A.B. asks: 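Structure provided below as structure tokens; questions to follow.
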Amino acid sequence: MHKLAGATILSLIMVAAGCQTADQPASSPDTSAADLEAINQVQDAIVAAENAGDAAAGAAQYAEDAAYLPPDMPGLLGRAAIEARLQEEYSMMDIELSVTSRDMRVGGDIAYTVGVHTVRLTPKEGGDTMEATGKHVVTLARQADGSWKVTNLIFNTDAPMPPMPAGQ
């Protein structure tokens, strides 16, 4: 469960990377305002899905062949595997995620965001709420239809997550 909590935390953070910005994100010369807005919308949708516990809505923001790379556990490949993991996490805990983007860049059909996040996990079957801060890197790719999807998410926490209570 400890690994699952860590994965949930960063899943939330990664998606939210562009939702709140301390300063205007840095961008390369070929980054358009429309691209940045579209990428922020993807990240906003992921954060909203995390906070609502909606695995299908969150997974829909990932490319079919996306890689989800949480700390302390094997990575997941593919939207279906990501959705299954999210559903498992959401069935066990309520999540509150906030994200701050530190950098966002677009080069042609590839983009990335780098940021920090805070996540609060409350076990649905009772127990103490856990809170963690961390950092993440998200890559996105423009799809054939012009939309942006997450292709890679990697995240970790600044300190080890506390263990979940027995039986969680």
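This is a predicted model, so every value here is computed, not measured. All heavy atoms count here, side chains included; hydrogens, waters and symmetry mates do not.
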A.B. asks: Quick check for you: to the nearest 0.5 Å, what is the distance between Met104 atom CE and Asp35 atom CG?
C.D. replies: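 Answer rounded to 0.5 Å: 10.5 Å.
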A.B. asks: Testing the basics here: between Pro70 and Gly75, what is the closest heavy-atom pair and its distance to 0.1 Å?
C.D. replies: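 Scanning both residues completely, I find the closest heavy atoms to be CD-CA, 4.2 Å.
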A.B. asks: The test is side-chain hydrogen bond (donor to acceptor under 3.5 Å, both in side chains); show your working for Tyr90 and Asp54 and say whether it passes.
C.D. replies: CA-CA 8 Å; Tyr90 300 160; Asp54 188 341; over 6 Å; no
A.B. asks: For the pair Gln143 (side chain) and Ala141 (backbone), establish whether a donor and an acceptor sit closer than 3.5 Å, ignoring hydrogens and angles.
C.D. replies: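 Yes; judged by distance alone, with no hydrogens or angles, the pair exists.
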A.B. asks: Could you measure the distance from the CD atom of Gln61 to the CD atom of Gln41? Nearest 0.5 Å is fine.
C.D. replies: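 Here the interatomic distance stands at 10.0 Å.
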A.B. asks: Taking C-beta and beyond as the side chain, do Arg105 and Val114 meet within less than 4.5 Å on heavy atoms?
C.D. replies: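 Arg105 vs Val114: side chains apart.
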A.B. asks: How close do Met73 and Arg85 get, heavy atom to heavy atom, and via which atoms?
C.D. replies: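 Taking Met73 first and Arg85 second, the nearest heavy atoms are SD-NH1, 3.3 Å.
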A.B. asks: Calculate, to the nearest 0.5 Å, the distance between atoms CD1 and OG belonging to Ile39 and Ser147 respectively.
C.D. replies: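 Reported to 0.5 Å precision, the distance equals 11.0 Å.
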A.B. asks: Decide whether Asp94 and Thr122 meet the rule of one side-chain donor and one side-chain acceptor closer than 3.5 Å.
C.D. replies: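 Note: Asp94 and Thr122 side chains miss the donor-acceptor criterion.
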A.B. asks: Taking side chain as C-beta onward, heavy atoms only, is Tyr112 less than 4.5 Å from Val106?
C.D. replies: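 No, too far: nothing below the 4.5 Å cut-off.
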A.B. asks: Show your working on side-chain hydrogen bond (donor to acceptor under 3.5 Å, both in side chains) between Thr133 and Thr118 and close with a plain yes or no.
C.D. replies: CA-CA 4 Å; Thr133 59; Thr118 299; 5.6 Å; no
A.B. asks: Do Ser101 and Thr113 have side-chain N/O donor and acceptor atoms under 3.5 Å apart?
C.D. replies: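 Note: Ser101 and Thr113 side chains miss the donor-acceptor criterion.
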A.B. asks: Quick check against the 3.5 Å criterion: does Lys149 have a side-chain atom that pairs as donor or acceptor with the backbone of Ala66?
C.D. replies: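 Looks like no, no N/O pair under 3.5 Å.
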A.B. asks: Where do Trp148 and Gly108 come nearest, in terms of heavy atoms and distance?
C.D. replies: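 Nearest pair, atom of Trp148 first, then Gly108: CH2-O, 3.8 Å.
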A.B. asks: Are Val150 and Val42 close enough that some pair of their side-chain heavy atoms sits under 4.5 Å apart?
C.D. replies: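 Counting from C-beta outward, Val150 and Val42 do come under 4.5 Å.
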A.B. asks: Can you see whether Gln87 engages Glu83 through a side-chain donor-acceptor pair at a distance of less than 3.5 angstrom?
C.D. replies: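 Checked: Gln87/Glu83 side chains show no N/O donor-acceptor pair below 3.5 Å.
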A.B. asks: Should His136 and Val99 count as side-chain neighbours, where that means a heavy-atom distance under 4.5 Å?
C.D. replies: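 In short, these two side chains touch, coming nearer than 4.5 Å.
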A.B. asks: Would you say the side chain of Ile95 lies within less than 4.5 Å of the side chain of Arg120, judging by non-hydrogen atoms?
C.D. replies: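 Of all side-chain heavy-atom pairs linking Ile95 with Arg120, none is under 4.5 Å.
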A.B. asks: What heavy-atom pair brings Ala81 and Leu77 nearest, and what distance separates the two atoms?
C.D. replies: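 Heavy-atom minimum between the residues: CB-O, 3.6 Å.
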A.B. asks: What do the steps show when you test Asp65 against Arg79 for salt bridge (charged side-chain N to carboxylate O under 4.0 Å, His left out), and what is the final call?
C.D. replies: CA-CA 6 Å; Asp65 60 348; Arg79 185 185 297 158; over 6 Å; no
A.B. asks: How long is the span from the CG atom in Leu86 to the CG atom in Leu76, to the nearest 0.5 Å?
C.D. replies: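 Result: 8.5 Å between the selected atoms.
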A.B. asks: Tell me the closest heavy-atom pair linking Gly127 and Pro123, and the distance in Å.
C.D. replies: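 Here Gly127 and Pro123 meet closest at O-CD, 4.2 Å.
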A.B. asks: Measure across Ile82 and Tyr62 and return the closest heavy-atom pair with its distance rounded to 0.1 Å.
C.D. replies: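 Nearest pair, atom of Ile82 first, then Tyr62: CD1-CD2, 3.7 Å.
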A.B. asks: With a 3.5 Å cut-off and no angle check, do the side chains of Asn152 and Tyr68 form a donor-acceptor pair?
C.D. replies: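 The criterion, which ignores hydrogens and geometry beyond distance, is not satisfied for Tyr68 and Asn152.
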